[in-house]
Amino acid sequence: MAHMITQRELELEIVEGERPDRPIRRMLRGIRRWIDRHPRLRLAYRLGVGVLGGIIAIAGLALVPLPGPGWLVVFLGLAILGTEFAWAKRLAALTKRQLARFWAWWQARRAERARAARADVARMVDPT
């Protein structure tokens with residue numbers, strides 16, 4: 001049987017990945033400082049991030065009604081946009097909170113339906 005990842009395990013994994021002392025994060029900060037020292041390159045970088053993040057977010061929205069990773073792709077696009085634009089970072093945080101609320105509601109709904117189904121089966125087995 002597959003192991004289900006708990007919310008706590010996921011949070012710990014995210015914290016570990018966001019540690020500032022990780023080698024890739026240090027390298028990326030160095031590249032970013034170099035880009036920031038060149039105004040034209042900075043503008044081109046922001047434009048590239050905006051276009052790439054926007055395309056990915058819009059593609060994710062198009063995928064949402066289909067089976068598959070639609071919301072994951074939307075979050076990826078917002079995460080890319082959030083590296084350069086504060087509004088995107090706020091939107092991503094808001095969307096994550098709303099999706100977490102929806103997911104909690106959905107899981108509670110599924111648990112209630114499962115409980116009701118078990119009660120129905122029990123009544124059919126022992127109708128007295």
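These values consider heavy atoms only, across backbone and side chains, with no hydrogens, waters or symmetry-generated copies.
The structure places CG of L81 at 9.5 Å from CG of L76, a figure rounded to the nearest 0.5 Å. Rounded to the nearest 0.5 angstrom, T83 OG1 and L28 CG are separated by 10.5 Å. For the atom pair CZ of R42 and CG of D36, the computed distance is 4.5 Å after rounding to the nearest 0.5 Å. The CZ atom of R26 sits 9.5 Å away from atom CZ of R19, with the distance rounded to the nearest 0.5 Å. How far OG1 of T95 is from CZ of F102: 14.0 Å, rounded to the nearest 0.5 Å. Considering CZ of F75 and CG of L99, their distance stands at 4.5 Å, rounded to 0.5 Å.
Summarising the geometry of I80 relative to I56, their closest heavy-atom pair is CD1-CD1, 3.6 Å, with the distance given to 0.1 Å. Taking each heavy atom of G82 and A88 in turn, the nearest pair found is N-CB, 3.7 Å.
Taking hydrophobic clusters as Ile, Leu, Val, Met, Phe, Trp and Tyr residues chained together by side-chain heavy-atom distances below 4.5 Å, M27 shares a cluster with W34. Hydrophobic clustering (ILVMFWY, side-chain heavy atoms < 4.5 Å, transitive): V49 and I24 are in one cluster. Residue L41 is grouped with residue L52 when hydrophobic side chains (ILVMFWY) are merged at heavy-atom distances under 4.5 angstrom, including chains of intermediate members. W103 and W71 fall within a single hydrophobic cluster, where Ile, Leu, Val, Met, Phe, Trp and Tyr are joined by side-chain heavy atoms under 4.5 Å apart, directly or via other members. Each of L47 and L43 belongs to its own hydrophobic cluster when Ile, Leu, Val, Met, Phe, Trp and Tyr are linked at side-chain heavy-atom distances under 4.5 angstrom.
For E112 and R115, the salt-bridge test passes: some basic side-chain N is under 4.0 Å from an acidic carboxylate O.
The neighbour count for L66 CG, taken as heavy atoms of other residues, nucleotides or ligands under 6.0 Å away, is above 12.
In this structure the side chain of Q98 reaches within 4.5 angstrom of the side chain of R101, judged on heavy atoms.
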